[in-house]
Amino acid sequence: MTSTDANQRVLSGMRPTGRMHIANYHGALKNWVRLQHEYECFFFVADFHALTTHYQDPQDIEQATFDMVVDWLAAGLSPSACTMFVQSKVPEHAELHLLLSMITPVSWLERVPSYKDQQAKLNDRDLATYGFLGYPVLMSTDILMYRAGNVPVGVDQTAHVEITREIARRFNHIFGREPQFEENAEEAVKKMGRRASRLYRSARRDYLERGDEEALERARALLAEQQNLSIGDRERLFGYLEGSGRIILPEPQVLLTDTPNVPGLDGEKMSKSYDNVIRMREAPDVVEKQVLTMRTDPARVRRDDPGDPGDCPVFALHEVYSDDEVKTWAADGCRNASIGCVDCKRPLIDAINTEQAPFIERAEQFENNPDQVRAILLDGSEEARDHARQTLDEVKAAVGISYR
Ligand code: TRP
Ligand code: SF4
């Protein structure tokens with residue numbers, strides 16, 4: 001695994017919050033299902049993360065993990081297309097977290113926006129803990145452990161990916177330097193053979209002298225193809241491209257997931273704690289009841305009062321679920337009061353239930369056979385562990401504690 005393969009790798013995680021709702025699905029999971037066919041994907045249950053804020057109610061974590069992963073499988077994540085695992089089943093996360101914590105300035109952590117925000121928001125909990133302050137280090141660990149180049153998250157998480165980049169850069173800067181870096185790098189260039197060495201050198205020059213990003217990409221791709229470079233030489237050559245030192249932990253990028261607005265039944269943000277959710281895999285008749293009781297534009301008191309779709313959460317769901325024709329029909333019908341709210345809701349109910357039908361079907365086998373879900377997570381965790389061990393070996397060697 002090298003820095004270029006990192007471009008092909010995706011990692012993302014979710015806290016174990018139990019049964020998911022359709023806003024979770026449209027905001028993240030749906031995107032994961034697509035990505036699993038385009039990248040080498042690692043998706044994990046962030047159970048250590050749950051403890052950073054909810055350490056006082058640990059008894060919920062295992063059940064919540066199970067329920068959430070059934071939803072992942074129901075949505076179409078497949079163990080043959082991606083690796084699904086549980087963070088605490090890969091104890092290397094704890095070890096790398098410790099090592100990264102040694103070089104992470106406290107001021108960086110205090111500056112992360114979610115630090116103060118969450119403390120204020122979850123004010124019924126004592127979050128003045130060491131673990132909570134270190135939460136971005138834990139998230140950085142998750143990403144850097146798998147050398148994932150791409151991290152699909154919503155905007156609320158981009159600051160965490162940014163600090164991950166800073167931590168990686170600082171780590172590489174401190175531990176990627178070696179006394180004879182230039183000489184070692186030049187030796188490594190020669191090992192690539194005449195043609196590749198020449199291409200590497202000219203691309204490096206184009207990048208360093210003219211900032212030619214394409215040349216940088218070309219050189220990285222070239223390095224990825226090289227069969228007979230050691231890991232150490234490869235890291236040197238990646239680092240040498242940018243002039244610094246070895247790149248032990250590549251910097252990740254955000255793959256921004258655009259999060260559609262999926263309001264809850266009362267028009268507020270859909271959230272379990274507001275009790276306003278439509279759950280994934282909900283029974284069709286329950287979905288029907290829920291949508292029929294959903295809040296609409298308060299201006300439409302009577303059937304012939306015109307309304308404004310912009311003021312109606314039902315219409316926001318049409319934006320997510322309906323095609324242009326239905327949307328136009330609903331919007332026009334609302335504005336000129338030619339349809340009633342129940343009419344407007346009907347096609348939406350059908351669309352939600354149609355989307356969910358395959359989820360319900362897929363979930364059945366997993367709900368009846370929880371051992372199968374456990375096996376998927378255990379296998380995935382073993383697989384993740386192989387990658388984690390490799391990274392950790394290199395990190396420990398760089399830090400000077402490999403005792404080989
Ligand atoms: N912090 C994320 C959240 O609360 C979950 C998470 C943990 C994560 N580690 C991650 C997401 C690594 C992406 C990559 O939603
Ligand atoms: Fe909302 Fe549709 Fe009723 Fe208009 S007609 S208020 S968009 S539910």
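Order of appearance sets the numbers: ligands from 1, and atoms from 1 within every ligand.
- Scanning the protein for heavy atoms near atom 1 (Fe) of ligand 2, the closest one is Cys312 SG, 2.3 Å.
- Counting only N and O atoms by type, the side chains of Tyr321 and Glu355 include a donor and acceptor under 3.5 Å apart.
- Between Asn123 and Gln119, the side chains place no donor N or O within less than 3.5 Å of an acceptor N or O (distance only, hydrogens not considered).
- Closest to atom 6 (S) of ligand 2 by heavy atom, among Asp308, Ile339, Asp297, is Asp297.
- Among protein heavy atoms, atom 3 (C) of ligand 1 sits closest to Gln157 NE2, 3.4 Å.
- Checking Asp142 against Gln87 by side-chain atom types alone, a donor-acceptor pair falls below 3.5 Å.
- Contact annotation: Cys344 has at least one heavy atom less than 4.0 Å from an atom of ligand 2.
- If you look at Phe132 and His49, their ring centroids are not closer than 6.0 Å.
- Arg15 NE, 3.2 Å is the protein heavy atom nearest to atom 4 (O) of ligand 1.
- In this structure, the protein non-hydrogen atom closest to atom 9 (N) of ligand 1 is Asp142 OD2, 2.7 Å.
- Within the 4.0 Å heavy-atom criterion, the part of Val153 lying near ligand 1 is the side chain and not the backbone.
- When non-hydrogen atoms are compared, ligand 1 lies under 4.0 Å from neither the backbone nor the side chain of Leu138.
- Around the CD atom of Glu242, the shell of radius 6.0 Å holds more than 12 heavy atoms that belong to other residues, nucleotides or ligands.
- In this structure, Glu325 places its CD atom where only 12 or fewer heavy-atom neighbours from other residues, nucleotides or ligands lie under 6.0 Å away.
- Heavy-atom contacts of Leu11 reach the following atoms of ligand 1: 12 (C), 14 (C) (cutoff under 4.0 Å).
- For atom 5 (C) of ligand 1, the nearest non-hydrogen atom of the protein is Gly13 O, 3.5 Å.
- Of all atoms in ligand 2, listed by their number and element, those nearer than 4.0 Å to a heavy atom of Thr296 are 6 (S), 8 (S).
- Atom CD of Glu186 has more than 12 heavy atoms from other residues, nucleotides or ligands within 6.0 Å.
- Comparing Arg335, Arg303, His318, Arg300 against atom 5 (S) of ligand 2, the shortest heavy-atom distance belongs to Arg300.
- Each of Lys396, Arg389, Arg385 was compared with Glu95 under the salt bridge (Lys or Arg N to Asp or Glu O under 4.0 Å) criterion, and only Lys396 meets it.
- Ring pair Phe85/Tyr146: centre-to-centre distance below 6.0 Å.
- Assignment of Lys345 to the shell around ligand 2 is not supported, since no heavy atom sits closer than 4.0 Å.
- Salt bridge annotation for Arg125-Asp57: present, with a cationic side-chain nitrogen under 4.0 angstrom from a carboxylate oxygen.
- In this structure, His160 has its ring center closer than 6.0 angstrom to the ring center of Tyr135.
- Put simply, Cys334 gets within reach of atom 4 (Fe) of ligand 2, with an N, O or S atom under 2.8 Å from it.
- With 2.8 Å as the limit, Cys341 counts as an N, O or S neighbour of atom 3 (Fe) of ligand 2.
- Residue Tyr135 touches ligand 1 through its side chain alone, judged by heavy-atom distances below 4.0 Å.
- Ligand-side atoms of ligand 1 in range of Val151: 13 (C), 14 (C), range being under 4.0 angstrom from any heavy atom.
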